[in-house]
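Working notes, structure below.
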Amino acid sequence: MSTMAGDWKMTIVDGCMPGDQLSLLNVSAGIARVELTLCAEGGQPLGPIRLVIPPQRTRSSVLADLVGAGGPVRELPHSVVVVSDAPVLVQPHPADRDAPETAQQPAQQPAQQPAQQPAQQPTRQPARQSAA
């Protein structure tokens, strides 16, 4: 995050999907007025989406829920521009990261092999020696 003319500005360029969550932490002692703008390749920017975050509080929202009537969010990755009048920490949370991996795939038990009985070895008769 860098300061620009008294405002705090940050850009997330990794590509947030509409189902991803964005957490904003106001670290200041005063109210933070935040504006978000979502930008997708080939589309018009969506926003600004205005949020008010109380002092030393967090606000977490799914991007698609924030856009609401501001326009449809396509299933494309979006960059997010965050501008605030107070210092805020911004943390994106991809939707698939919140689901534990074990919930996606059932645990597989190793196949049990039937108990093996020891192999019986044939008994060998001593070789007979011929009388010469």
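What's counted below: heavy atoms across the whole structure, side chains too, no hydrogens, waters or symmetry copies. Every value quoted in this text rests on a predicted model; they were computed, and no experiment measured them. Numbering starts at 1 and runs along the sequence shown.
Considering all non-hydrogen atoms of both residues, A86 and S84 come closest at O-OG, 2.7 Å. In this structure, L76 and H78 approach most closely via the heavy-atom pair O-ND1, 2.7 Å. The shortest non-hydrogen separation linking S28 to G30 is OG-O, 2.9 Å.
We find the NE2-SG distance between H93 and C16 to be 10.5 Å, quoted to the nearest 0.5 Å. Note: I53 CD1 to S23 OG = 9.5 Å, rounded to the nearest 0.5 Å.
Listed for the T11 side chain is no donor-acceptor partner under 3.5 Å among the backbone atoms of V13.
The salt bridge (charged side-chain N to carboxylate O under 4.0 Å, His left out) contacts involving residues 18-39 comprise R33-D85, E35-R50, where partners must be two or more places apart or lie in separate chains.
A 4.5 Å side-chain heavy-atom check between N26 and R57 finds every atom pair outside the cut-off. With a 4.5 Å cut-off on side-chain heavy atoms, V90 and V80 do not count as touching. Between P18 and L63 the shortest side-chain heavy-atom distance does not fall below 4.5 Å. Side-chain contact between L66 and L38 is absent, with no heavy atoms from C-beta onward closer than 4.5 Å. At a threshold of 4.5 Å between non-hydrogen side-chain atoms, the residues P77 and M17 count as touching.
Both I49 and V88 are assigned to one and the same hydrophobic cluster, defined by single-linkage of ILVMFWY side chains at heavy-atom distances under 4.5 Å. A single hydrophobic cluster is seen to contain both L51 and M10, as judged by linkage of ILVMFWY side chains at heavy-atom distances under 4.5 Å, directly or through other members.
For L25, the side-chain contact (heavy atoms from CB on, under 4.5 Å) criterion is met by V27, T58, L89, not counting sequence neighbours.
If you chain together ILVMFWY residues whose side-chain heavy atoms come under 4.5 Å of each other, I31 ends up grouped with V52.
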